[in-house]
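Some notes on the structure that comes next.
Throughout, residue positions are numbered sequentially from 1 according to the sequence presented. Computed from a predicted structure; not experimentally measured.
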Amino acid sequence: MIVQLTGTLVEVLPSHVVIDVGGVGYELGVSATTAASLPAVGEAGVTVLTRMLVKENSVELYGFATREERAVFDKLVAVSGVGPKLALAVLSTFSPATLASIVTLQDEGRMAQVPGVGRKKAQRLLVELQDVFAKDAILRGLVGMSEPAAGQSKVPDTSQSVTEEATAALLSMGFSPQETEIALDGHEEAGAVTVEKAIQFALKRIGGNL
């Protein structure tokens, strides 16, 4: 199993990259997000995380800039009816953190913005991914769904961490720092003491023009 490659970038396109490792060129399918994060062609010593998918008649490699993106890809392709192409389309549309927020909020409208995902498929993806994000440690961390240590009861996140994580999630959705600050103002007093509830609180305020 090939899980990582380090070499010289030969080609970088929104849909794939080619990396030369010891004279062997590897073509990797990538999201537009990963492609945009890579250095210029010709750069040596570039490391790309990978996932190898073995099919009946082919072996395909996919590349990722972060562990979080690779973890999301793994979960997406495990969903019935979702292949690598659609998984990369999702990751080209949303960052892992933004997708985590969309899944948490079960936001069908935003999920349906992914090319190739209609309303019905968006609904099914959200339902299936909700449980996945709750159980996977890497993905759970994207929206602050931390598990309590053994023998401890789960307590609300501190107000500072909730505000910081909710702010990061809203900024990743495209809201300005000023909009985010105003939208989150008063979330503690309203009882929104977890990241998920704080985001919901802010989005409702934004939807209501604050």
Side-chain angles (χ1 to χ4, degrees), residues 1-55 58-104 107 110-111 113-117 121-122 125-126 128-146 165 168-169 171-174:
M1 177 67 71
I2 301 174
V3 298
Q4 178 177 300
L5 290 173
T6 299
T8 301
L9 283 176
V10 176
E11 184 176 44
V12 178
L13 294 173
S15 61
H16 74 271
V17 302
V18 176
I19 184 168
D20 184 302
V21 181
V24 178
Y26 293 87
E27 182 177 271
L28 313 173
V30 297
S31 69
T33 303
T34 285
S37 73
L38 293 173
V41 169
E43 186 79 18
V46 177
T47 296
V48 180
L49 302 177
T50 64
R51 182 62 75 219
M52 183 171 69
L53 298 184
V54 180
K55 299 183 178 181
S58 65
V59 176
E60 298 175 347
L61 278 173
Y62 297 91
F64 311 93
T66 65
R67 292 174 63 245
E68 291 78 12
E69 191 184 40
R70 184 171 64 182
V72 172
F73 177 85
D74 289 342
K75 299 307 179 183
L76 284 169
V77 295
V79 175
S80 176
V82 178
K85 184 176 180 180
L86 181 55
L88 290 179
V90 172
L91 291 168
S92 293
T93 306
F94 306 118
S95 69
T98 300
L99 180 62
S101 298
I102 291 171
V103 171
T104 299
D107 191 337
R110 296 202 71 197
M111 181 61 84
Q113 293 175 6
V114 178
V117 175
K121 181 169 284 188
L125 280 174
L126 289 172
E128 296 202 33
L129 291 176
Q130 186 173 41
D131 191 48
V132 166
F133 270 77
K135 291 181 178 179
D136 187 286
I138 294 177
L139 304 182
R140 188 171 60 241
L142 293 173
V143 285
M145 295 188 215
S146 57
E165 292 186 41
L171 290 173
S172 71
M173 292 180 189

Query - Polar side-chain atom of Thr50 near backbone of Tyr62 as donor-acceptor pair, under 3.5 Å - result: no

Query raised in the report: What residues, two or more places apart in sequence or in another chain, satisfy side-chain hydrogen bond (donor to acceptor under 3.5 Å, both in side chains) together with Ser37?
Result: none

Requested in this report: With sequence neighbours left out, write down each residue that passes salt bridge (charged side-chain N to carboxylate O under 4.0 Å, His left out) with Arg70, or none if nothing qualifies.
Outcome: none

Query raised in the report: Which pair of non-hydrogen atoms, one from Val72 and one from Pro96, has the smallest distance, and what is that distance?
Result: CG2-CB, 4.0 Å

Query - By side-chain hydrogen bond (donor to acceptor under 3.5 Å, both in side chains) - contacts of Thr8 (at least two apart) - result: none

Report task. Evaluate the side-chain proximity of Phe73 to Leu53: yes if any heavy-atom separation is below 4.5 Å, no if none is. Result -> yes

Query raised in the report: Nearest 0.5 Å, what's the CD1-OG1 distance between Ile19 and Thr47?
Result: 7.0 Å

Query raised in the report: Do Val82 and Glu128 touch side chain to side chain, with heavy atoms closer than 4.5 Å?
Result: no

Donor-acceptor pairs under 3.5 angstrom involving side-chain atoms of residues 86-94: please list them, not counting sequence neighbours.
| residue | atom | partner | partner atom | Å |
| --- | --- | --- | --- | --- |
| Ser92 | OG | Ala32 | N | 2.8 |
| Ser92 | OG | Leu88 | O | 2.8 |
| Thr93 | OG1 | Ala89 | O | 2.8 |

Query raised in the report: What residues form a side-chain contact (heavy atoms from CB on, under 4.5 Å) with Ser58, not counting sequence neighbours?
Result: Lys55, Glu60

Query raised in the report: Looking at CG of Leu99 and NZ of Lys75, how far apart are the two atoms once the value is rounded to the nearest 0.5 Å?
Result: 13.5 Å

Query raised in the report: Who passes side-chain contact (heavy atoms from CB on, under 4.5 Å) against Ser15, sequence neighbours left out?
Result: none

Report task. Please name all residues satisfying side-chain contact (heavy atoms from CB on, under 4.5 Å) with Val18, sequence neighbours left out, ordered by chain then number. Result -> Val10, Glu11, His16, Glu27

Query - By side-chain contact (heavy atoms from CB on, under 4.5 Å) - contacts of Val24 (at least two apart) - result: Tyr26

Query - side chain to side chain donor-acceptor pair (under 3.5 Å) between Glu69 and Thr33, intermediate numbers included - result: CA-CA 10 Å; Glu69 191 184 40; Thr33 303; 4.9 Å; no

Query raised in the report: To the nearest 0.5 Å, how far apart are CG in Leu61 and CD1 in Ile2?
Result: 5.0 Å

**Report entry** Heavy-atom closest contact (Met111 atom, Leu126 atom, distance)
**Finding:** CE-CD2, 3.7 Å

Report task. Working to the nearest 0.5 Å, report the span between CG of Leu76 and CG of Leu125. Result -> 7.0 Å

Report task. Please step through side-chain contact (heavy atoms from CB on, under 4.5 Å) for the pair Val12 and Val30, ending with a clear verdict. Result -> CA-CA 9 Å; Val12 178; Val30 297; over 6 Å; no

Requested in this report: Taking the side chain as every heavy atom from C-beta outward, state whether Val48 and Leu38 have any atom pair closer than 4.5 Å.
Outcome: yes

**Report entry** Of all pairs that satisfy salt bridge (charged side-chain N to carboxylate O under 4.0 Å, His left out), the ones with a partner from residues 40-54, not counting sequence neighbours
**Finding:** Arg51-Asp74

